[in-house]
Amino acid sequence: MQQKIIILDFGSQTTQLIGRRVRELDTFCEILPYNKFPKDDPNIIGVILSGSPYSVHDDEAFKVELSQFIGKYPVLGICYGAQYISYAGGGTVEQTGTREYGRANLEMIDCNCRIFKGFEKGSQVWMSHGDTITSIPKDFRITGSTSDVKYAAFANEDKNVWCVQFHPEVFHSLQGMQLLRNFVVDICKSKQEWSAASFVESTVAELKAQLGNDRVILGLSGGVDSSVCATLLNKAIGDHLTCIFVDHGMLRKNEFSKVMEAYEEGLGLHVIGVDASEKFFKDLEGVTDPEQKRKIIGRDFVEIFNAEAKKITDAKWLAQGTIYPDRIESLSITGMTIKSHHNVGGLPEEMKLKLCEPLQWLFKDEVRRVGYELGMPERLIKRHPFPGPGLAVRILGDVTREKVRILQDADDIYIERMHNYKLPDGTTLYDNVWQAGTVLLSTIRSVGVMGDERTYEHPVALRAVTSMDAMTADWAHLPYDFMAEVSNEIIRKVKGVNRVCYDISSKPPSTIEWE
């Protein structure tokens, strides 16, 4: 039996961050819609209610029957979760007309309250709410206040209910992890048994039981998710796994041959490689809209993959490297799609295969830890995420072989330079960036002078972002000497480029793409 914390999602942008922090405490958690609390699950040890974009007074506000879990499990309400617990219990939540947003300090902390064990007076927290609690239910007591928020924290310890109006899951709440540890470990009594090693052991056993001697097909992309998925399946079922790697012609420079070698020789996988670039380039001819590019590439990929899969007549399963953020991004609780994912949403009807997704509960950093546990090559594990449509969505305008060649050459220099640039702590610049890539601004030409020649060519934009959760990102502050060297090398060596820019777009973009 695996202990779990249930996180009920009321639509907050940071719900997945709560999940990440709970996992960092070596405790399994599951994020569920606010109205899907599982009944009679003996593995549940605690419940967390997330924030929300709504006010408790809104007609469309998400509301839940608290008696399902209050009094049965320890409960932590965060922001909207705290406001809803107060509102439902007879407290008062008022619309202030202004958002309380930003850093604040807990000027009063009840040191006897278990949720604040180890806290320092004045501890910095992060507020982000439009309403505020002006009175709490009679059976609750104040446990923390800031200069502006009287009921920053309150609790009913007899019922094991703890509420905070701030966000402990974000890094700006400096002792937020301590609060979550107090709740998950001390109050919920987590045994902290969730780890990469335990995941591999239990998942391999489950895959053996689920798949038996059935043949499984897996579409490889060259990325860490599908690679770890393949290695995990290979450990469970060996040669009953057949992998298909489709080259649409828009991969990174020499990536098809390099990845095929890594899969076959390094990981011992049985891989069918398919060069389908001719079809993709033909179908993309003249297409400039990025979402249309995605759809064409997705459609063609399914068509080609299906044709190869049909040749494996005894296959019964299709495996995919779907991970947790894919599922969260594809459809939030508010019904708003953040972005479409090619590996979320089920199987095409004509495939007549059952679906196997062994990584569907993992965050990206957990996938990498599983890769290390499986003994995979470090360079494959540390690969930055790469879009399914490849360089097609990093080319502004239509896609041609020549444009892909230009972008491949520029990007290859950028990424290799990142691998080779050592930082004072001995790590590489590549290892300290979440995702990096090059964009070809093929709809733009500018005049430049190179030596004695006048040029009229394209600019490229370098993009690099940092992220702790694979959901939100900020631009990476790359060293000036590195950018100077990369810029000079790209302009000298890549025919078709005469200008290099660096993209410092910050939040709200959560991914690297320029779509």
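Both backbone and side-chain heavy atoms feed into the values below; hydrogens, waters and symmetry mates do not.
- Between F62 and Y54, the angle of the ring planes goes over 60°, which puts this pair in the perpendicular group of the 30/60° scheme.
- Neither side chain, S190 nor Q192, offers a donor N or O lying under 3.5 Å from an acceptor on the other.
- Using modelled atom types, one finds a donor on one side chain and an acceptor on the other under 3.5 Å when comparing D431 with T428.
- E107 and T146 share no side-chain donor-acceptor pair at under 3.5 Å.
- Q175 is not listed as a side-chain neighbour of L179, based on a closest heavy-atom distance of 4.5 Å or more.
- No donor-acceptor distance shorter than 3.5 angstrom exists from the side chain of R252 to the backbone of F386, with no hydrogens or angles considered.
- No hydrogens or angles considered: a donor-acceptor pair under 3.5 Å links the side chains of Q165 and Q83.
- With respect to E255 and K258, no salt bridge is recorded, no charged nitrogen being found less than 4.0 Å from a carboxylate O.
- Sequence neighbours left out, the pairs with a member in residues 476-485 that pass salt bridge (Lys or Arg N to Asp or Glu O under 4.0 Å) are R417-E485.
- Note on E169 versus R21: no salt bridge recorded, every NZ/NE/NH1/NH2 to OD/OE distance being 4.0 Å or above.
- Listed by first and then second residue, the salt bridge (Lys or Arg N to Asp or Glu O under 4.0 Å) pairs that reach into residues 110-130 are D110-R141, K117-D186, sequence neighbours excluded.
- For the pair N160 (side chain) and Y73 (backbone), a donor-acceptor distance under 3.5 Å is absent.
- Between the side chains of S12 and S52, no donor-acceptor pair of N or O atoms lies under 3.5 Å.
- Here the side chain of Q68 pairs a donor or acceptor atom with the backbone of E65 at under 3.5 angstrom.
- For the residue pair D9/T15, the side-chain donor-acceptor check at 3.5 Å is satisfied.
- Inspection of the Y263 and S227 side chains reveals an N or O donor paired with an N or O acceptor under 3.5 Å.
- Note: F166 and W126 fail the aromatic proximity criterion, with ring centroids not under 6.0 Å apart.
- Taking a 6.0 Å sphere around NZ of K191, one finds it holds 12 or fewer heavy atoms contributed by other residues, nucleotides or ligands.
- Salt bridge R23/D365: absent, no basic N to carboxylate O contact under 4.0 Å.
- With 3.5 Å as the limit, one finds no donor-acceptor pair spanning the side chains of D474 and T466.
- No side-chain donor-acceptor contact under 3.5 Å links E193 and S198.
- The aromatic rings of F154 and F140 sit perpendicular to each other, their planes meeting at more than 60°, with 30° as the lower class boundary.
- Between H419 and Y430, the angle of the ring planes stays under 30°, which puts this pair in the parallel group of the 30/60° scheme.
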